[in-house]
S.K.: 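Okay, handing you the structure first.
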Amino acid sequence: RTFVAQKDAVAKMKKDGVKNVEWLPLACCPEAHLSRKEFVRKQLGDPLRMDLTEQWDWAFVGYMQDNKAEGYNNRIDYLDALQKAIPNGRIAVNRFFEAMSLVYCKARLGFNISIKKDLNMRVFEVLSTGVPLLTNRNVHGINDLFDEDVDYLGYEGIDDMVEVAKVALNDETFRRTIGENGFNRVRASHTYRHRMETICEAMKHA
């Protein structure tokens, strides 16, 4: 059996003659992608406490990709528009594991724009921090795993992105509910332990 991380790759591989292809999405690692509460618990008794207050309205951790090819989302354009509309944001590069999680935990929204409409790692990582995920809704497979406006906030296009972000930022109860729902959903079913269990179960019947 062959597992692929992106849902749309299943049909492509079958077309190329690969048999027994299954979709096995990416996931989160709870030990590395911590929530604010987990950071607090981890610091108990530690005199060097991290500042875990919400400092930014939104945060993005990743690479700046200026891709203007047809059919692709241009990350620079989206981030530029979001920064202009909601200036109190944080963009960070070369942050991984706990350092990445800490950036998101200091924000009210965790932003994602999937360049190829792929269900990227950031979706799972942001959800694992308990920070509400704001992502483009045309991601292949996202609604097979999560529910929009329940587990995450979706948008289509730059104008909608700004509007959805502003609505969420103005409703703290709604925003926190989204964050909690997304956290519970991803931790219950979409960690790398879950993915390994699927692979190991498949090997038993190989």
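All figures in this text were calculated on a predicted structure; none of them were measured in a lab.
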S.K.: Please check: side-chain N/O of Arg195 versus main-chain N/O of Arg193, any donor-acceptor pairing under 3.5 Å?
M.R.: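 No, because the side chain of Arg195 does not come within donor-acceptor range (under 3.5 Å) of the backbone of Arg193.
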S.K.: Can you hop from Tyr63 to Trp58 via hydrophobic side chains spaced under 4.5 Å?
M.R.: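 The answer is no; the residues belong to distinct hydrophobic clusters.
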S.K.: Any donor-acceptor pair under 3.5 Å linking the side chain of Ser101 with the backbone of Ala32?
M.R.: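 Answer holds: yes.
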S.K.: Within a strict 4.5 Å, meaning less than it, do heavy atoms of the Pro132 and Arg108 side chains meet?
M.R.: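 In short, these two side chains do not touch, never coming nearer than 4.5 Å.
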S.K.: Hey, are Asp80 and Lys84 close enough for a salt bridge, meaning a charged N less than 4.0 Å from a carboxylate O?
M.R.: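 Judged by the 4.0 Å cut-off on N to carboxylate O distance, Asp80 and Lys84 do form a salt bridge.
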S.K.: Would you say Ile115 ends up clustered with Val139 if hydrophobic residues are merged whenever their side chains have heavy atoms under 4.5 Å apart, either directly or through other cluster members?
M.R.: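 Per the 4.5 Å side-chain linkage, Val139 and Ile115 are not co-clustered.
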S.K.: Please report the interatomic distance CD1(Ile199) to CD(Glu201), rounded to the nearest 0.5 Å.
M.R.: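 Here the interatomic distance stands at 12.0 Å.
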S.K.: Looking at side-chain heavy atoms only, is the closest gap between Ile91 and Phe111 below 4.5 Å?
M.R.: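 No - every pair of side-chain heavy atoms lies 4.5 Å or more apart.
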S.K.: Quick one: does Arg175's side chain have a donor or acceptor within less than 3.5 Å of a partner on Leu169's backbone?
M.R.: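 Between the backbone of Leu169 and the side chain of Arg175 there is a qualifying donor-acceptor contact (under 3.5 Å).
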S.K.: Do Phe97 and Cys29 touch side chain to side chain, with heavy atoms closer than 4.5 Å?
M.R.: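 With C-beta onward as the side chain, the pair stays apart.
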S.K.: Dump the intermediate steps for side chain to side chain contact (heavy atoms under 4.5 Å, CB included) on Leu145 and Leu119, then the final yes or no.
M.R.: CA-CA 10 Å; Leu145 308 181; Leu119 188 56; 3.7 Å; yes
S.K.: What pair of heavy atoms forms the shortest contact from Val10 to Glu22, and how long is it?
M.R.: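 Where Val10 meets Glu22 most closely, the heavy atoms are CG2-C, 4.1 Å.
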S.K.: Quick check: does any side chain N or O of Thr177 sit under 3.5 Å from a backbone N or O of Thr173, one acting as donor and the other as acceptor?
M.R.: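 Yes, because the side chain of Thr177 sits within donor-acceptor range (under 3.5 Å) of the backbone of Thr173.
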S.K.: Please report the closest heavy-atom contact between Ile86 and Ala165, naming both atoms and the distance.
M.R.: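 For Ile86 and Ala165, the tightest heavy-atom pair comes out as CD1-CB, 3.7 Å.
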S.K.: Nearest 0.5 Å please: distance from the CH2 atom of Trp56 over to the OH atom of Tyr104.
M.R.: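 Those atoms lie 11.5 Å apart.
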S.K.: Is it the case that more than 12 heavy atoms not belonging to Glu156 sit under 6.0 Å from its CD atom?
M.R.: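 Result for CD/Glu156: open.
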S.K.: Which heavy atom of Thr191 sits nearest to which heavy atom of Arg187, and what is that distance?
M.R.: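 Reported closest heavy-atom pair: CG2-O, 3.7 Å.
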S.K.: Treat each ILVMFWY residue as a node, draw an edge where side-chain heavy atoms are under 4.5 Å apart, and state whether Ile142 and Val4 are in one component.
M.R.: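 Yes, same cluster.
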S.K.: Yes or no on side chain to side chain donor-acceptor pair (under 3.5 Å) for Tyr152 and Asn143, after CA distance, side-chain angles and deciding distance?
M.R.: CA-CA 10 Å; Tyr152 76 97; Asn143 288 322; 2.7 Å; yes
S.K.: Sub-3.5 Å donor-acceptor pair from the side chain of His190 to the main-chain atoms of Cys28, do we have one?
M.R.: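 Side chain of His190 to backbone of Cys28: no pair is present.
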S.K.: Looking at OG of Ser128 and CE of Met121, how far apart are the two atoms once the value is rounded to the nearest 0.5 Å?
M.R.: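 CE of Met121 is found 11.5 Å from OG of Ser128.
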S.K.: Give me the atom names and distance for the closest heavy-atom approach of Asp171 to Phe174.
M.R.: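 Here Asp171 and Phe174 meet closest at OD1-N, 3.1 Å.
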S.K.: Which pair of non-hydrogen atoms, one from Asn88 and one from Gln55, has the smallest distance, and what is that distance?
M.R.: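 In this case the closest contact between Asn88 and Gln55 is ND2-O, 3.2 Å.
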S.K.: How long is the gap from CD on Gln83 to CD1 on Ile76, to the nearest 0.5 Å?
M.R.: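 Reported value, rounded in 0.5 Å steps: 11.5 Å.
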S.K.: Are the side chains of Glu38 and Arg41 in touch, meaning some heavy atoms are under 4.5 Å apart?
M.R.: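 Glu38 vs Arg41: side chains touch.
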S.K.: Could you please spell out the steps behind the side chain to side chain contact (heavy atoms under 4.5 Å, CB included) verdict for Glu163 and Tyr155?
M.R.: CA-CA 9 Å; Glu163 180 63 25; Tyr155 63 85; over 6 Å; no
S.K.: Distance from Thr198 atom OG1 to Met196 atom CE, nearest 0.5 Å?
M.R.: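 The distance works out to 9.5 Å.
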S.K.: Mind checking whether Lys106 and Arg90 have side chains closer than 4.5 Å, heavy atoms only?
M.R.: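 No - every pair of side-chain heavy atoms lies 4.5 Å or more apart.
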S.K.: Apply side chain to side chain contact (heavy atoms under 4.5 Å, CB included) to Phe124 and Tyr192, showing your working.
M.R.: CA-CA 10 Å; Phe124 300 94; Tyr192 284 110; over 6 Å; no
S.K.: Could you tell me the separation between the OH atom of Tyr78 and the CZ atom of Phe60, rounded to the nearest 0.5 Å?
M.R.: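 The CZ atom of Phe60 is 13.0 Å from OH of Tyr78, to the nearest 0.5 Å.
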S.K.: Going through the distances and angles, do Phe183 and Leu127 end up as a side chain to side chain contact (heavy atoms under 4.5 Å, CB included)?
M.R.: CA-CA 5 Å; Phe183 173 85; Leu127 290 172; over 6 Å; no
S.K.: Evaluate Arg137 against Asp160 for salt bridge (Lys or Arg N to Asp or Glu O under 4.0 Å), listing each step before the verdict.
M.R.: CA-CA 11 Å; Arg137 66 166 59 93; Asp160 192 37; 3.3 Å; yes
S.K.: If hydrophobic clusters are built by linking Ile, Leu, Val, Met, Phe, Trp and Tyr wherever their side-chain heavy atoms come under 4.5 Å apart, do Met161 and Met64 end up in the same one?
M.R.: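 Yes, Met161 and Met64 fall within the same hydrophobic cluster.
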S.K.: Under a 3.5 Å distance rule, please check whether Asn112 uses its side chain to pair with a backbone N or O of Val123 as donor and acceptor.
M.R.: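 Looks like no, no N/O pair under 3.5 Å.
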S.K.: Quiz question: by atom type and distance under 3.5 Å, do the side chains of Thr129 and Arg36 form a donor-acceptor pair?
M.R.: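 Result is no, nothing qualifies.
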S.K.: State, with a plain yes or no, whether a side-chain heavy atom of Ile113 is found less than 4.5 Å away from one of Leu82.
M.R.: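 Not touching, per the 4.5 Å side-chain cut-off.
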S.K.: Using a cut-off of 6.0 Å, state whether more than 12 heavy atoms not belonging to Asp147 lie near its atom CG.
M.R.: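 Correct, the count exceeds 12.
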S.K.: Lys116 versus His140: any side-chain heavy-atom pair under 4.5 Å?
M.R.: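 No, every pair of side-chain atoms sits at 4.5 Å or beyond.
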S.K.: Quick one: does Leu26's side chain get under 4.5 Å of Gln6's, heavy atoms only?
M.R.: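 Touching, per the 4.5 Å side-chain cut-off.
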S.K.: So does Val61 get a backbone contact from the side chain of Arg122, meaning a donor-acceptor N/O pair under 3.5 Å?
M.R.: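 Yes; at least one donor-acceptor contact below 3.5 Å.
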S.K.: Give a yes or no on whether the backbone of Arg75 and the side-chain of Asn73 come within a donor-acceptor separation of less than 3.5 Å.
M.R.: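 Judged by distance alone, no pair lies under 3.5 Å.
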S.K.: Treating Ile, Leu, Val, Met, Phe, Trp and Tyr as nodes and any side-chain heavy-atom pair under 4.5 angstrom as an edge, say whether Val150 and Leu153 lie in one connected cluster.
M.R.: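 No, because Val150 and Leu153 fall into different hydrophobic clusters, even though each may have its own neighbours under 4.5 Å.
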S.K.: Could you tell me which non-hydrogen atom of Ala168 sits nearest to which non-hydrogen atom of Leu109, and how far apart they are?
M.R.: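 Looking at all heavy atoms of both residues, the shortest contact is CB-CD2, 4.1 Å.
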